[in-house]
Structures are given as C-alpha cells and as structure tokens.
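These figures come from a predicted structure and were not determined experimentally. Naming: A, B, ... by sequence-line order, numbering from 1 per chain.
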Amino acid sequence: MLDKAYDPSKTEDRIYKMWEESGAFKPSEDESKEAFTVSMPLPNATGQLHLGHAVMLSLQDIFTRYQRMQGKAALWIPGTDHAAIATENVVIKKIQEEERIKDPREELGREEVLKRIISFVDKSQDTIRNQIRKMGSSCDWSREAYTMDEPRSRLVREVFCNMYNDGLIYRGHRIVNWDPKLKTNVSDEEVNWKEQKVPFYTLQYGPFQIGTVRPETKFGDKCVVVHPDDKRYKDFKHGDTFECEWINGPITATVIKDEAIDPEFGTGCMTITPWHTQVDFDIAERHGLDKEQVIDFDGKLLSIAQEFEGMSIVEARPKILAKLEKKGLLVKTEENYENKIATNSRGGGMIEPQIREQWFVDVNKKLDTWKGKWAGKSLSLKDVMFDVVRNDEVHIIPERFKKTYFHWIENLRDWCISRQIWWGHRIPVYYCSKCTETVDGKEVPMSFRNVSPEGTDIHEACGSPVHQDPDTLDTWFSSALWTWSTLIDHDATKDLSLSLEKMLEKSPDFQRFHPNQVLETGYDIIFFWVARMILMTTYNIGDLPFDTVYLHGMVRTRDGKKMSKSDPSTCIDPLEIIPKYGADALRMSMIVGQSPGNDFGLYEEKIAGYRNFINKLWNASRFVLMQCEAASLEPAEISNLKSQISNLSLADRAVLSALQQLIDDVSKGLDEYRLSEVGERLYSFTWDYFCDWYLELSKGEANPEVLVHVLRSIVTLLHPYCPFVTEELWASIKSKDAGMLISSDWVTSNAKLKDQSAQDELQTVIDVISAVRTLRSEQGIEPGKNVTVTLITQSHGELLEAQNEQIKRMAKVESLTIDTHPDAAKPENAVAVFMKDIEVHLSLDGLIDKDKELEKLTKEKQKLEGFIKGVNAKLGNEKFVANAKEKVVELERQKLATSEEKLQKVEERLKSLTQ
RNA sequence: GGGCGCAUAGCUCAGUUGGUUUAGAGCGACUGGUUUACACCCAGUAGGUCGGGGGUUCGAUUCCCUCUGCGCCCACCA
C-alpha cells in the first residue's frame, strides 16, 4: 500500500535512474517512426542550475515526453556551452583570489590558463549535468554535446573557412565595442546601456561652439560638422578651413557638412572623434577624413594628449577641463545631462569604442553560393533571415516576437565574431612569417586557413614558421550551429578529407533528426541565439534549423521584480525547492499560469499549491487501490474496460464521457503548445471532478475497473507535466503487460464512451447535492446531522429517484421525498433553493431563520429581475434577433424562460413567508 | 527617438477567432468540519461597473482610437 503522503525525495532519484538505465530517453530506432527533435539551449558548462534553466527544462521535457508517448522517435539533445568570456572570467578571478596572482594571463601564459579553464570546466560540467537530471529531464545523454568538444570544434572551423572562402567572413578595421578592463571587444548585443546624469560641456572651437560629455577625447578633433541645410552656418562651405586655438595649441580645422547632424540639438554643430565614436567614424569614412587614436587599449591617453599622456580618463578629465577653462575655451557647463554609457554585460567594464582590426560576418553581402532551396539565388544573410520568418517557414510563438525579430534585422550591422580572450574556438587562420600578400592595397602577411584541429607550424610553400591568429570566436558562433552540429557523426568529423556536406551525408542522426521541430528558449536570447542559428544554418547547410520557436518569459518574484543572485531573499533556488516540494511541483508551478513571451511570478506558496495537487493525485490513487482491494481485484489484472461497459452506473458513464473530452482537449492543446491551459484543465479535472465528485460518489457504488481505467488515463495525461509521481503511481496501477509509463502509449479518446446526457444528468444530481449542502450551511445545521429534503420536479423525477441513495449519502439527507405532482404541496417550515425545474426544500426541526431567508430571497429576486430585464431588452431588439446567430438567440430565450420560472417560484416563496 | 507588452477579486494570474460566462483559478479572508484516500484535506461564504474616455457593432473584458500608470526591447543626439 502507498504511503499516506507522497514524498518526492524518496522517489525522484530512483525513478530517474530507472529511466536512464533503461534507455527510455533514447529515441526509438524504428525508422518508420516520425522524428521529433528538440535541442537543449546549452546551459553554461560552469553554471549552477537556476530558475531560467528550470523553466526551459520543464517546457522541453513536456514537449518531448508528449511526443514520445504519441509514438514519435523523440530526441532531446542535451549539451553545454563553453561560455567563453563568462568562463574565462570565473577562472581568472579564481586564480587571482586563490593563488594571489595579479594578472594570470600575463604570468601564466596562454597554455597554462587554458589548462586551468579546462580542468575547471571538467569538474563543473558534472554539476550542471546532475542538476538537469534533478528536473526530470528526459534527454538522451548518450548524445550529449559540448561546444568545445572535437566534433563541434571541427564544424566551427569548417564553417569559418567556408564562409571565409565565400567572402562572408572578412577581416577589417572597424569600430568595435572595446572593454579595456577585460581587454576584449564584444558584440553589439553584449553591450548594456545605462542611463547616467553627467555634466554637458560647451566648448569654443574657433567660431563654433560644440557640446560634449567627453572632453578627453577631443584632442584630435580637427573637423567641425554641421548640417548642410543649417542656415546659421550657411557662410561656411564644406571643406573650408580655419585656424583655431584648441586644447594643446593652435590647429587648422575643417568644416564638414553632413546630414547625420541634428540641427535641433544643442548648437547644431559638433567636432568628430572618428576613432572612438561609431557615428563619427561613419562621417569620416564618407568624407575620407583622418582617424586618430586618442585613448589606448588600456583606457589611457596617448601622446596626442601631450601633458596628459598616460593618464586615465578619470584622472585626466578634470585637469583637461581646468585647462580649457583657463584658456577661455569652456563656454558653459550644464549639470545633470542625461547620457547613456555603455558597459560590457559579460561582467566587464565601461565600453570604449575603438577602431580595431577584427573578424566580421558580412550580413549585407549578396551572394549566390546558397545551398538547398536558396541555391542559385542572389541573397544576403539578412535577406534569408528575414524571409524565412516572414514566409512562416519558421513559426514564432508568441507571434508578436516576429516584429522584434524583423526590427533587429533591419538594424543589424556586421557581426563582430573575434574576441581577444583565450577560452574558445581559436580562429583557424595562420600567417606566414615571411610571405606577404596585398589586401586592400596594403601589404600584409600572407594568411591561409586550415580546418584541421592540429596546429600548423610551417608554411609549406616557403618553409617559414607560421603563427595562428591569437583571437577566439564569439561563443555564439558555435552555439549558432547547435541544431545540427549536435547530430553530426563523430567519425565523419575526424576525416579531414570530407567536406561539410559529406559529413552531414554520413551522419544518420542528422539525416533523421534535422531540422528540430521546436526550439524552446527565453525571449531574451532571440537575437543572440535564435537569429544566429537561422543565419548560420540556412547558409551553411541550406536548411532551416527548426520549424517553431517557442519563447518563454522570465521568472520574476511575486511582485514582478527580477530575481537576482545578489539578493537571496528574492531568489528561489530550484536546488533547495526540489528536495522540499519535489521537481514535479516545481515544474507545474512554472508551467501553469505562464503564457509564452510573458514574464511570470514564482513564489513558494505557488509551488506548495502544486505539491498539494500532486499529493491529491497520490491519495486519489491510494483510494482507488483500496477499492480494488475491497473488491479483491488486482489492478494488474484489469487490462481493459470492454467487459464492464454493460453494467455502468450514471457516474461511471458520466466520468468516462468527460474523460474522452479531456483526452481530446489535452492532446489538441499540447499539439498547439498551449501548455498552461492544458495544465489547468488537467488540474481541475483531477481535483474538482474526479476527486470531488466521482470518487465521492464511488463510495456509494464503486466500480474498481472504471476507477482504475480513469485513473490510469489521468496519470498518463499528467505524465509530461509531473513525470515522477505519475511513474511511481503507474507501478501500482498499471496492467501486468504494461511497461514504464515514460515509454507507454498516449491515451486516445473512444467515441463510444461519449455520453453527453449522462454528463448532464450527473450534473443535475451534483447541483441538487450542492443545493442541499448550501441550505444546510446557510441554516447552520451541524454537518453530521441528518435532514429531511423534498425535491419537487416535473421532468427529473426518474433521474432523482434512481440516484436518491447517492443524494442522501452525499448531502446527509435522512428522508428524501421526490414529488413530481404538478401541484405538489410545498413543505412547511422549510428553506428552499430553486433550480431549473427542480425545487429543493429543506425541512427544519426548529423554526427557520425567517429574516435570513427573506433577505436571501429578496436578493435573489432582485438579481433575477435585473437579469430578465437585460435579456428582455436583448430579445426585444429587432436587430439582435435579426443579426445574431440563431443558436445565440435561442440560448437567450432559454435563459429568459428559466429565469422567469425561477423568479415566479422565488416570488411565491416570498409571499408565503410574509403572509 | 522608435517599437512592444501589461493594467481583470486583497495578492499572483488565466480567459484561442466579439455572444453557451449576469467574468474564472490558485493563494489569502470568513463560517463550519477527524464524512470508507488526502488537514499537503472536506463543505460552504464573501469579494470585480475586466485602468479612464471615445468609437465600431444588435452585442466588447475580447476589435479600433485616445489618455493615464507601470514594464521591456531597439536606437551611440554630440
């Protein structure tokens, strides 16, 4: 017999082990089965499981389990990401703290630092793997992938070389987001903008006045830019020069006219610093102006600043301002100017835009080297990224995120993919120490690419030593290949003679499981990952990565705040929750009530609520098992229902019918990814219908076979949501020839069991029982006390007569009279409830509380009158009758008739009470 | 500066093509309970003019416009 209360901590680990060891997570090898693939969004190899992971694991596990039970070859591929910058930072900090090494990169060198990182990752990968297991994730561990493992590394190099050869990856001098603290640049997506109030300075620049918040960048400003149409500056012509006294002495300045200037802002003119500002860089490019570096890569001023050389910005700024003021060049200072400063979201410092020679993916270049359905067309990466979503080849749930996606593509600039950190895929480009080539008119060391993971030491053509590009790739470069890099055949990747196309051909998993059906992730990484996967996959393999993108919202606190690790009081740790409430409860609390794309609050009471639900399910099963025992029936011996169908009670027929509806609703809802709604439906069916009514009714006349059948169905339908408890229960309730629930078939509805009239009839009985209970409660009758009830009805006599034992038992009625006479006498000294064609009279021993009853009936009367008035107005409206659907009109008429009948009875009752 | 979202019971939220809903759930509140599973429970009750205003419609929480209040994303107005 089951324990009195369900204890998840006793079962979950054991069940997970059973699943894993049985091979249940592996997709069926039966080739005739349709494939269903989901790729797990790579948790960081060094991370700890947090609620963000818990949400995505729950959602993806529900998708996978449902499809697996539907008979598909369901594959959910787990994996981890090397998280380049994040991981390197963690390890560097650790070395600094533990070994008191101030600059580990400087002191230990590349090889040693990488060694430390790898050993750290090795250790922490196990942690995240086990935490993923704790959530019940039914992913196929035998196919686990890692962005830095051999097969994935090969593909990264392969893709890089392909795109380089096709001119999509290029090296160029561009403004990048440079982080002087971490000594690397980051992509536009990794920059965070923070609002700050800073002083705004107006400086005299020859005859012009220019505004700035960064006087320290102004040393090299040799051009003043105005809008071509600005009448204030019409006397200056484009290209005019003038002498002007500037920070460190006289300079010759040039007037530039460019439409990038907003004449409405400030004085309508500005000087430009092309090396440290994107807009200025663009202007300088348009007019062929010089670009000069003012701040070095450590954030210190260069020699152009003369006496300020070597100073940090913080140190130099007040001194520069003092000098400007002394020279009379500082016109005014306005405080509290709102400005946005850029910081590195990967835990770095303030971003200093710098011109650097970096690697980029060209997103605008049209080219005709596309594969698959795009073969032969001249398209840019942007074109395809745009088209596949616009043409609904990739569906996005919720749909509104399409707009966000389009808007992002419109603003997209070339993707800077090189990073100056060591942890990551090193750029597979090698330079000869001797040979040179000419690129853009400049002589540069000759470079070549190599897809081999082995280092290349010698330039074969000349025998000179070579060196590899020191930079590594953006971590998202490798994650962008994830849907298919995970399906690649390992041996194929070892064969350097194979092209990417051939490798894919030789990968059975790829052939079978790509593309993914659904890609599930948080809406916050739609740009980092979803968009880049579309970009890299369409181009490199000529196929889409996935059919559908399901975006979940962010987990928040009860009051809608972000959960932050720095404030433990707001933060729920799944690893603390699971032992206390169970993974099932945590899963449900994050799925039900959560709609895609919207943030949702999570707090302990909510989780406790679902823990209660799971315990309810547990106890319902306990009850069913007790009924079996009482009937000397082994659940395992019950294989199907057919033999029993002839001998069913009303409640049996009703519950079986309602179950068919439930099965249809749940299956349809899951097909359409409406997880919250389905979860709610299951919750309410289980608790409010199955437990509260069917189980209670079965205490009067139990049919163990129906009980077992319905329970099995419920447990099966709930399995994707709460896999542990359902699997545990399954062991006790399954038929003897059934295997584990995880591998069982989904339930299908049986039209023969649908019986709407049984459901309606049972509902009438339920309503009568509820009415009696309400009357008892209103009159303060002790719960245990038996009462006398008279039911007056014209059309339900037979039904109520047949169910009278159930009504008596469920409502604690001792004497039940059912009177179908048209002029039935109403009992004296009783209180009543009027239902549709049923009057429920409860007789009292003592006197009824007349005032209370009058008050209740008066209230009811008013309500009915108001309602009837409304319905009458509706039906009296010719346009309504003419325009509304017949069904709707008919319904209104029925409502009116029912309420009028009720009102009449209420009025009669009131009259008799006041006589 | 653009774009998007949210505003529904004390709290957290559902509500799928506008009418089977005189708006639902969970938690909380209140009244009463050891009834053959479950106090992680049972029975019952209270509580909302669906943010304000306007429009479309026979009919709007649901569609459109507008205002107010929050929140998010994108965009380097120096």
Using a cut-off of strictly less than 4.0 Å, decide whether Tyr337(A) has a side-chain nitrogen or oxygen near OP1 or OP2 of rA78(B).
yes
Considering every strand and a 4.0 Å limit on heavy-atom distances, what is the contact class for Ser595(A): base, sugar-phosphate, or nothing?
sugar-phosphate
Starting the side chain at C-beta, find the nucleotide from rC74(B), rC40(B), rA43(B) nearest to Asn411(A).
rC74(B)
Between rA39(B) and rG24(B), how many Å separate the two C1' atoms, rounded to a whole number?
26 Å
When you get a sec, tell me which of rC58(B), rA78(B), rC4(B) is the closest nucleotide to the side chain of Asn339(A)?
rA78(B)
Nearest listed nucleotide, side chain of Ala884(A), among rA78(B), rA14(B), rC58(B):
rC58(B)
Letter per nucleotide, 5' to 3', of nucleotides 27-39 of chain B [B base touched, S only sugar-phosphate touched, - untouched; heavy atoms, 4.0 Å]
-----S---BBB-
Members of residues 867-877 of chain A that approach RNA chain B, where some heavy atom sits under 4.0 Å away:
Phe867(A), Asn877(A)
Given that both distances must come in under 3.5 Å, which nucleotide forms a Watson-Crick or G-U wobble pair with rC4(B)?
rG71(B)
The side chain of Lys218(A) lies closest to which of these nucleotides: rG5(B), rC58(B), rA78(B)?
rA78(B)
Would you sort out whether Glu352(A) and Arg214(A) count as a salt bridge (Lys or Arg N to Asp or Glu O under 4.0 Å), showing the intermediate values?
CA-CA 12 Å; Glu352(A) 181 67 68; Arg214(A) 298 201 59 190; 2.8 Å; yes
Would you mind reading off the distance between Lys403(A) atom NZ and rC4(B) atom P, rounded to a whole angstrom?
4 Å
Send over the distance from Glu855(A) CD to rA46(B) P, rounded to a whole Å.
11 Å
Tyr581(A)-Tyr610(A) aromatic ring centre distance below 6.0 Å
no
Quick one: label Ile210(A) by what it contacts on the DNA or RNA (base, sugar-phosphate, nothing), any heavy atom closer than 4.0 Å.
nothing
Any luck finding a side-chain donor-acceptor pair between Asp188(A) and Asn177(A) under 3.5 Å?
yes
